[in-house]
Number of protein chains: 2
Amino acid sequence: MTPAARRVLEAAARLFYERGIHAVGVDLIAAEAGVTKKTLYDRFGSKEQIVVEYLADRDERWRAFLAQHLDAAHPAPPARVLAVFDASHAWAAENNSKGCSMVNAHAEISDPSHPAYPIITGQKKWMLDLFTHLAGDISPDRAGHLGRTLMLLHEGALVAHGLNVFPDPIAHAREHVQGLLATTRDTAVKQ
Amino acid sequence: MTPAARRVLEAAARLFYERGIHAVGVDLIAAEAGVTKKTLYDRFGSKEQIVVEYLADRDERWRAFLAQHLDAAHPAPPARVLAVFDASHAWAAENNSKGCSMVNAHAEISDPSHPAYPIITGQKKWMLDLFTHLAGDISPDRAGHLGRTLMLLHEGALVAHGLNVFPDPIAHAREHVQGLLATTRDTAVKQ
DNA sequence: GATTCACTATACAGATCGGTATACTTTTGG
DNA sequence: CCAAAAGTATACCGATCTGTATAGTGAATC
């Protein structure tokens, strides 16, 4: 990727996230990136392609960010689940004050045949798989059920964070998950 | 509200929800409502005003729908909490397959000075207050904490439903809340 | 050292955007 | 019964939208 292309993607990412995809025009993206429209179209071909690369890049960055937190976490399964919430907490503090970019993009991209659609649903499916896998290391016979509960709490925390419903919802979700996992572990031991 | 105005609001609501606010033009709204653009502007004055009334109407309908379910519910506090999830379940089945319209609108309306902004945040604040109040009837000393947890689970269920992450997430959230309330009640009894 | 590549600058095309103007018709309430 | 309100039909406005065309510059590569 050329320097100009990188600047375009950075500007587009910031503008799309802050103002919404349909509300941002290519002229503004080019201007904010300090690039002419011709360069923008030489590199990306269309606005739709910029949207696709924006979401794909965001997805890739999040997965790498999360992997770092998981690698650094205590190997005990409950600690690894909590590490996901810690990662989201750090991610949200850095560059995510308006909630999940995939959820926000989904509000504007309804057509399943849109090339960005599988990126959005793919990340959610990937997160559910991750939670289910982590849950399997805690309570193998209820991995699916626990994974879905973790998914609900995580998504709810991201939305509540974006809408600023109450202070630090991600920390609240983490706390609830901590109690939940203790209960689940006890139950598993008892059985 | 005149018949034409009602048709405009109905068409706008459907189009805004399904395609997004910025993606829908006033010409399309007028055509779908079977109304001329002059009538549309005579009744509403601006597209922004249609957006405001769309969200305000949606908010009002949801509160009335929820009130009906709460009135019909068993008076025991835990049953009333579950009735909220039952209401969301029925609401989503009827007219909400793309998630919460307030969350989706928030993705496109970022400016807090936009006249629709307080409607969005107002509904979320109202829901949190409701959950907190209901939680207070179960565990008075932890009403705030439990209310926020219920809010997270509810928001997460709506998002997961809209993104179709797994089947029937609202029922899953309801199930988890049921277990959670049983535990909380037991704890309260023990103390 | 000519060619390719990445880029700037500017102008333009056709469509669509939100919103208005003019002229006319239908419905309805005091 | 008639005036006001609510509506249709159509044309238009300036701005903005995505995307393209033309012409030229600087640097790197083969």
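By convention in this document, chain letters (A, B, ...) are assigned in the order of the sequence lines, proteins followed by strands, and residues within each chain are numbered from 1.
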| Counting just side-chain N and O atoms, does A/T39 come under 4.0 Å of either OP1 or OP2 of C/dT8? | yes
| message | Is B/T2 close enough to D/dG7 that one of its side-chain N or O atoms is under 4.0 Å from OP1 or OP2 there? | response | yes
[X] side chain: which of [options] is closest?
| X | options | value |
| --- | --- | --- |
| A/V35 | C/dT8, D/dT8, D/dT18 | C/dT8 |
| B/D27 | D/dT18, C/dC17, C/dT8 | C/dC17 |
| B/K38 | D/dG19, C/dA23, D/dT18 | C/dA23 |
| B/R43 | D/dA6, D/dT20, D/dT8 | D/dA6 |
| B/K37 | D/dT18, C/dG19, C/dC7 | C/dG19 |
| A/S46 | C/dT8, C/dG19, D/dG19 | D/dG19 |
| B/T36 | D/dT18, D/dT8, D/dG19 | D/dT8 |

| To the nearest Å, how far apart are A/Y41 OH and D/dT22 C1'? | 18 Å
| message | Without decimals, in angstroms, what is the distance between B/L40 CG and D/dA9 P? | response | 15 Å
| Honestly curious: do A/L40 and A/Y54 fall in one hydrophobic cluster under the side-chain, below-4.5 Å linking rule? | yes
| field | B/R7 side-chain N/O to B/A33 backbone N/O, donor-acceptor pair under 3.5 Å | value | yes
| query | Just by distance, do the side chain of B/K98 and the backbone of B/R19 share a donor-acceptor pair under 3.5 Å? | reply | no
| query | Parallel under 30°, tilted from 30 to 60°, perpendicular over 60°: which one fits the rings of B/H172 and A/H145? | reply | tilted
| query | Contact class for B/D42 (heavy atom, under 4.0 Å): base, sugar-phosphate, or nothing? | reply | nothing
